[in-house]
Each structure stands twice: as structure tokens, then as C-alpha cells.
> 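First the structure, which I've put down as C-alpha cells, then a few questions once you've had a look.
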Number of protein chains: 2
Amino acid sequence: MESEQIITALEALAQEHRLAAFRALVKAGPPGLTPSVLSEKLALPAPTLSFHLAQLRHAGLVNVTRDGRSLIYVANYDAMNGVVAFLTENCCADACAPASCSVKPTKVKEKTHETPARARRRA
Amino acid sequence: MESEQIITALEALAQEHRLAAFRALVKAGPPGLTPSVLSEKLALPAPTLSFHLAQLRHAGLVNVTRDGRSLIYVANYDAMNGVVAFLTENCCADACAPASCSVKPTKVKEKTHETPARARRRA
DNA sequence: ACAACATTTCCATAGTTATGGAATTATGGA
DNA sequence: TCCATAATTCCATAACTATGGAAATGTTGT
């Protein structure tokens with residue numbers, strides 16, 4: 001996944017109402033939700049919600065289909081997992097093994113940062 | 001983790017230079033990196049970098065210590081994992097089991113969305 | 001004390017984002 | 001066709017964010 005796409009996705013999620021909408025869709029699963037349902041759930045005026053859903057759509061985080069007069073928004077789990085994968089990339093590799101990390105380290109170095117200034121202070 | 005903190009973290013990561021800086025720090029591991037090194041790596045003027053590092057700091061995504069004249073920025077892996085956990089929360093539960101999902105579903109419903117309009121169309 | 005270095009803060013400017021009422025488009029039922 | 005419903009687009013406004021030169025702050029070695 002390109003880092004430009006990742007930024008678009010992060011921008012989309014970095015907003016109160018969009019994060020709430022996305023989470024509601026993740027929770028709703030494959031059946032998805034309509035804008036009117038979301039509008040009520042999140043207490044947002046239709047145009048405002050529409051604006052935010054468009055951002056999530058452009059970021060590829062949600063997909064839309066029509067069902068009669070209603071549109072149905074569904075979370076795109078693959079996109080979400082792409083973002084998560086990008087953020088955890090290079091984490092928990094040789095250099096890093098925090099307790100909370102869910103990915104297993106391949107090897108842990110016990111190396112401490114030793115700068116000239118620190119060495120001098122030690123001496 | 002509070003959703004307000006999550007939004008602050010996502011805002012911090014949703015910017016080209018900050019995402020690049022954060023990833024460089026994740027890759028660098030516990031030894032961390034100084035602003036001057038980052039400034040060169042990312043080709044950013046010092047004040048601009050400083051501005052972005054401050055945002056990452058306020059978002060709790062990085063920690064700083066001083067070593068002589070230099071500051072040392074280190075990625076906060078716990079914070080990053082908190083963001084990841086928040087995003088994947090409620091995912092891959094009963095209602096959802098995408099192929100790409102890394103978390104095992106507890107149970108998979110084979111339920112399709114059946115709206116009035118769809119039912120009518122089918123009939 | 002002073003010079004040199006590392007980094008930050010200050011600040012004006014340019015650009016971007018969020019908001020919601022009014023108008024518009026699309027769909028389905030009578 | 002005409003009406004009601006679902007959702008979007010339009011648009012002006014207010015608020016926020018990024019940028020980088022100049023100045024200020026803190027730190028070390030002489």
C-alpha cells in the first residue's frame with residue numbers, strides 16, 4: 001500500500017464524526033448502514049454526514065451500494081487492515097519488542113544508545 | 001484508550017512529514033534519532049521539523065530525552081499499538097470475517113442484508 | 001566569558017477543512 | 001404524472017494547519 005493512500009486514510013479517520021461513522025460501520029458488518037440511520041445514530045445533519053461519508057469513500061475506507069432510495073455504506077476491512085499493516089511495519093523487528101506488541105519479535109537486541117556525550121558523562 | 005486521544009494520534013500521523021518521521025523512528029528503534037538526523041533524512045528545515053515533532057510529542061506517539069546538545073526522539077510503540085487496537089476493535093467479530101483479517105473470527109454469520117426494497121425486487 | 005552548535009519559539013502568510021441551510025438529483029409508490 | 005422520501009451538491013463562512021526565515025533558548029568545550 002502506497003504511503004499517499006495511507007495518509008488519505010489516516011486523514012479520513014482523524015476526525016471525530018468520520019471515526020465514529022467508520023466504527024459504526026465496522027460494527028455493523030457486511031449489512032452496512034444507510035446515511036439516515038447514521039445521521040440519527042451520530043446526531044449529524046444530512047449534508048454534514050454526507051460530506052464526511054464522501055471523504056471515507058474517497059479514502060477507500062467504505063464502499064457504497066444502492067438499495068432502492070437508500071444508499072448502503074459498508075466498511076472496507078481490507079483497507080483498514082492495510083492501514084494497520086502499514087503502521088506496524090518495521091515495528092517489533094530486531095530492534096524492538098515492547099510488552100504490548102502483538103507481533104512476535106524475531107530477535108531482541110540488548111543494545112543501549114551510546115552517544116559521545118553519554119560516554120563522557122559516564123566516565 | 002479514549003477516542004479523543006486516538007483522534008489526536010491519527011491527526012498526527014495523517015501528514016506526509018510526520019508519518020515519515022514517525023516511521024523513521026519506528027525503524028530506528030529504542031536508540032531513536034535526533035532532529036538533525038531526521039532533518040537531513042527527510043530534507044526538512046529545522047523549524048518545520050520541530051513543529052511536526054511537537055505534534056507527534058503532544059499526541060504521545062514519541063518520547064524525547066536529552067543527550068548533551070541533542071534531543072533524542074523515540075517512537076512510543078505502546079501508543080501506536082493502542083491506535084491499532086482501537087481501529088481493529090469490533091472488527092472480525094460475529095458479523096465479519098474478511099480473508100485479509102489477522103484476527104480470528106469467533107463465529108461467522110452467513111446473513112445477507114435483506115431490505116424491503118431488495119425483497120420486493122426479488123419477488 | 002565566549003563561540004559554536006542543536007533545537008525551539010515567534011510570527012506572518014498561504015492553504016485547507018468543517019459546517020449546515022438552501023437548492024438539486026434520484027428513486028419508488030399512488 | 002405528481003408527491004414524498006433519501007441523499008447529495010452548492011456555497012459562504014469560520015476555524016484550523018503548514019511553512020520557513022529570523023530571533024531566542026539551552027548546552028558544551030575552550
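What you see below is based on every heavy atom in this structure, not just the backbone, and it leaves out hydrogens, waters and symmetry mates.
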> Side-chain N or O of A:H52 less than 4.0 angstrom from OP1 or OP2 on C:dT19?
yes
> Tell me which donor-acceptor pairs under 3.5 Å the side chains of residues 2-10 of chain B have, and how far apart each pair is, sequence neighbours excluded?
from : atom 1 : to   : atom 2 : distance (Å)
B:Q5 : OE1    : B:E2 : N      : 3.3
B:T8 : OG1    : B:E4 : O      : 2.9

> Rounded to whole Å, how long is the line connecting atom NE2 of B:H58 with atom P of D:dA18?
13 Å
> Output all residues satisfying side chain to side chain contact (heavy atoms under 4.5 Å, CB included) with B:A79, sequence neighbours left out; order by chain, then residue number.
B:L61, B:N76
> Counting only side-chain N and O atoms of B:Y73, is one of them less than 4.0 Å from OP1 or OP2 of C:dA6?
no
> Could you please name the option among C:dA6, C:dT8, D:dT5 that lies closest to any side-chain atom of B:R57?
C:dT8
> If you only use heavy atoms from C-beta on, which nucleotide in D:dA7, C:dT19, C:dT7 is closest to the side chain of A:P35?
D:dA7
> Once side-chain hydrogen bond (donor to acceptor under 3.5 Å, both in side chains) is applied, what residue pairs with a partner in residues 39-48 of chain B remain, sequence neighbours excluded?
none
> Got a sec, which residues hit side chain to side chain contact (heavy atoms under 4.5 Å, CB included) with B:P35, two or more places apart in sequence or on another chain?
B:L49, B:L53, B:L71, B:Y73
> Taking only N and O in the side chain of B:S70, is any of them less than 4.0 Å away from OP1 or OP2 of C:dC5?
no
> Looking at A:R66, I'd like to know whether one of its side-chain N or O atoms comes within less than 4.0 Å of OP1 or OP2 on C:dA26.
no
> Hey, can you pull the residues of residues 36-50 of chain A with a non-hydrogen atom under 4.0 angstrom from DNA chain D?
A:S36, A:A46, A:P47, A:S50
> Axis-to-axis angle across the helix from C:dA1-D:dT30 to C:dA30-D:dT1, five pairs an end, to 10 degrees?
30°
> Sequence neighbours left out, what pairs pass salt bridge (Lys or Arg N to Asp or Glu O under 4.0 Å) with at least one residue falling in residues 12-24 of chain B?
A:E89-B:R23
> So which of residues 11-19 of chain A are in contact with DNA chain D, with a heavy-atom cut-off of under 4.0 Å?
none
> Enumerate the ring pair (Phe, Tyr, Trp, His ring centres under 6.0 Å) contacts for residues 16-60 of chain A, please, sequence neighbours excluded, ordered by first and then second residue.
A:H17-A:H52
> Would you kindly give the CG-to-P distance between A:L53 and D:dT9, to the nearest whole Å?
11 Å
